[in-house]
Novice: 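The structure under discussion is supplied below as structure tokens; questions concerning it will follow.
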Amino acid sequence: MNATSPYGYLAPGQPIGKVSMAPGQNIAGYHVGIIYIEDVWYPMVPGNVVNASTWEFPVLLQPVRGIDIPALFGPEHKDLSKPVLEACRELEQRGVRAISSACGFFGRYQAKIAPKLGVPAALSSLVQIPWIRTVLPGRKIAVLTADSDSLDPEILEACGVTDTSDLVFCGFQYEPQFSAINQHRGSFDNNQVEHELVSAAEEACRDPEVGVILLECSDMPPYAAAIQAAVGVPVFDFTTLIRWLNGAVAQRPYGGCRLLYTSDPADERPGSLSVGAAALQKK
């Protein structure tokens, strides 16, 4: 929609005046677009970024065409700048107001892609590290990642992280059940996946300096509540990131009861009745 139309929330019955659509846009109303790896095979349980039931607001999912996990990260990863940009631009064309992803390793392209888009883009949960440091200074951050061997400096730097001295990396590429995700196995024992994640978080938090958990992988949010219950620290993940984005681009006006009792600066009494309240008292 162009500048003649409202950016944000439309209340029921609210007149909106002239509106227009961009050429080629044939859907509307999606707040956040999410790019994902096209060729994967494992269960996407509720809480997973690409499970629609995870979200209380509309998200639009867009595959990055022709890529698999080894192409995105690992020893044989490829330069996917072009298909990632194409996927993001397709989401933008469809009217989303912000873009994220369903894999933290898309962060390799954060610094390249975000400046080329007309909407906010946060392609990795790792972009939360700088502000976690701001709001929780002095704590070490335990980063639970799908593959610690592949989380290289290039990815971190693209997400604004150059100093890793306060980061503790916990990889899951060798865990019996979680590894089903990277290995394209098609199934896993969900209870055991939760156990693997919770056990790793507990081990990391044995270091008293660790005061926060960050889940790199978009497949980890289903277990965030269990992790937090076990270790008792703040847990950040893709859902905290995407809900933050949504809050910024889909603001809603506040409503409620009209204020009846006010303090009038011209009245020395601490809390004079408003006109509405005075009228009610007379009745």
Side-chain angles (χ1 to χ4, degrees), residues 34 36-37 39-56 61 68-70 72-75 100-107 124-129 132 136 139-152 155-156 164 166-243:
I34 299 173
Y36 64 91
I37 305 168
D39 185 9
V40 295
W41 186 36
Y42 59 86
M44 286 79 171
V45 300
N48 191 298
V49 169
V50 296
N51 185 311
S53 66
T54 299
W55 307 108
E56 62 277 9
L61 303 175
D68 57 14
I69 288 175
L72 183 61
F73 62 89
S100 190
S101 87
C103 181
F105 288 91
F106 278 116
S124 175
S125 57
L126 299 171
V127 302
Q128 297 174 100
I129 290 175
I132 292 173
L136 290 166
R139 279 81 155 182
K140 287 184 179 179
I141 305 168
V143 180
L144 277 56
T145 173
D147 188 345
S148 55
D149 294 338
S150 299
L151 197 54
D152 57 49
I155 297 171
L156 293 167
T164 61
D166 61 344
L167 304 181
V168 179
F169 296 103
C170 308
F172 289 81
Q173 62 270 35
Y174 304 117
E175 292 293 337
Q177 292 302 311
F178 191 91
S179 60
I181 294 169
N182 292 359
Q183 295 175 8
H184 209 71
R185 297 206 304 261
S187 66
F188 54 62
D189 184 319
N190 193 60
N191 293 335
Q192 286 303 309
V193 171
E194 179 177 299
H195 174 73
E196 290 168 359
L197 285 160
V198 168
S199 296
E202 289 174 331
E203 179 64 28
C205 287
R206 288 194 176 95
D207 179 348
E209 294 184 23
V210 171
V212 58
I213 303 285
L214 172 63
L215 308 180
E216 166 273 319
C217 179
S218 64
D219 303 297
M220 293 179 176
Y223 317 104
I227 291 169
Q228 187 167 68
V231 298
V233 302
V235 177
F236 293 83
D237 60 21
F238 260 109
T239 68
T240 60
L241 173 64
I242 292 171
R243 288 190 171 99

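One-based numbering along the sequence shown. These figures come from a predicted structure and were not determined experimentally.
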Novice: Which heavy-atom pair separates Asp237 from Ala224 by the least distance, and what is that distance?
Specialist: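 Asp237 and Ala224 have their closest heavy atoms at OD2-CB, 3.6 Å.
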Novice: Please give me the minimum heavy-atom distance between Pro221 and Ser218, naming the atom from each residue.
Specialist: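 Closest approach of Pro221 to Ser218, heavy atoms only: CD-O, 3.2 Å.
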Novice: List the residues meeting ring pair (Phe, Tyr, Trp, His ring centres under 6.0 Å) with Phe236, not counting sequence neighbours, and say none if there are none.
Specialist: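 With sequence neighbours excluded, Phe236 shows a ring pair (Phe, Tyr, Trp, His ring centres under 6.0 Å) to no residue whatsoever.
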Novice: Mind checking whether Ile181 and Val193 have side chains closer than 4.5 Å, heavy atoms only?
Specialist: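 A side-chain contact is absent here, since even the closest heavy-atom pair is not under 4.5 Å.
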Novice: Looking only at heavy atoms, what is the nearest atom pair of Phe238 and Ser124, with distance?
Specialist: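 Smallest heavy-atom distance, with atoms named: CZ-CA, 3.8 Å.
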Novice: Rounded to the nearest 0.5 Å, what's the gap from OH on Tyr174 to CD on Gln183? Could you check?
Specialist: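 It is 10.0 Å, given to the nearest 0.5 Å.
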Novice: Is the shortest heavy-atom distance from the side chain of Phe73 to the side chain of Asp152 under 4.5 Å?
Specialist: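 Not in contact.
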Novice: Can you name the nearest heavy-atom pair linking Met44 to Val50, along with the distance?
Specialist: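 It is CG-CG2, 3.4 Å.
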Novice: Does the side chain of Ser150 reach to within under 4.5 Å of the side chain of Thr145, using non-hydrogen atoms?
Specialist: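 Not in contact.
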Novice: Can any side-chain N or O of Trp55 pair as donor or acceptor with the backbone N or O of Thr239 at less than 3.5 Å?
Specialist: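 Pair absent, no side-chain N/O of Trp55 close to backbone of Thr239.
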Novice: Please tell me if the side chains of Arg243 and Glu56 come closer than 4.5 Å, counting only heavy atoms from C-beta onward.
Specialist: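 Result yes, sub-4.5 Å side-chain heavy-atom pair found.
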Novice: For the residue pair Leu72 and Ile37, what are the closest heavy atoms and their distance?
Specialist: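 So the minimum-distance heavy-atom pair works out to CD2-CD1, 3.7 Å.
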Novice: For the residue pair Tyr223 and Asn190, confirm or rule out a side-chain donor-acceptor distance under 3.5 Å.
Specialist: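 A donor-acceptor contact under 3.5 Å links the two side chains.
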Novice: Provide the closest heavy-atom pair for His184 versus Val40 in the form atom of the first, atom of the second, distance.
Specialist: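 Looking at all heavy atoms of both residues, the shortest contact is CE1-C, 3.4 Å.
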Novice: If you measure from OG on Ser100 to CG on Leu241, what distance do you get to the nearest 0.5 Å?
Specialist: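 So the OG of Ser100 and the CG of Leu241 are separated by 4.5 Å.
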Novice: Do side-chain atoms of Gln128 reach the backbone of Ser125 as a donor and acceptor pair under 3.5 angstrom?
Specialist: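 Yes.
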Novice: To the nearest 0.5 Å, what is the distance between SG (Cys103) and CG (Asp219)?
Specialist: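 Between atom SG of Cys103 and atom CG of Asp219 there are 8.0 Å.
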Novice: Do side-chain atoms of Asp147 reach the backbone of Gln173 as a donor and acceptor pair under 3.5 angstrom?
Specialist: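 Looks like no, no N/O pair under 3.5 Å.
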Novice: Does Leu167 reach the side chain of Ile129, with side-chain heavy atoms less than 4.5 Å apart?
Specialist: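 Yes; the side chains approach each other to less than 4.5 Å.
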Novice: To the closest 0.5 Å, what do you measure between CG (Leu156) and OG1 (Thr164)?
Specialist: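 Leu156 atom CG to Thr164 atom OG1 measures 7.0 Å (nearest 0.5 Å).
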Novice: Within the distance-only criterion (no hydrogens, no angle test), does the side chain of Glu216 pair as donor or acceptor with the backbone N or O of Gly104 below 3.5 angstrom?
Specialist: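 Flag set: sc Glu216 to bb Gly104 pair under 3.5 Å.
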Novice: Test: salt bridge (Lys or Arg N to Asp or Glu O under 4.0 Å). Region: residues 182-205. Which pairs qualify, not counting sequence neighbours?
Specialist: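 Non-adjacent pairs meeting salt bridge (Lys or Arg N to Asp or Glu O under 4.0 Å): Glu203-Arg206.
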Novice: About how many Å separate CZ of Phe172 and CG of Leu197, when rounded to the nearest 0.5 Å?
Specialist: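 Output value for this atom pair is 4.5 Å.
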Novice: Once you round to the nearest 0.5 Å, how far does CG of Leu126 lie from CZ of Phe105?
Specialist: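 Reported to 0.5 Å precision, the distance equals 8.0 Å.
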Novice: Is there a side-chain contact between Ile141 and Leu136 (heavy atoms, below 4.5 Å)?
Specialist: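 No, too far: nothing below the 4.5 Å cut-off.
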Novice: Are side-chain heavy atoms of Thr54 and Val49 found at a separation under 4.5 Å?
Specialist: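 They are not in contact (no side-chain heavy atoms under 4.5 Å apart), so the answer is no.
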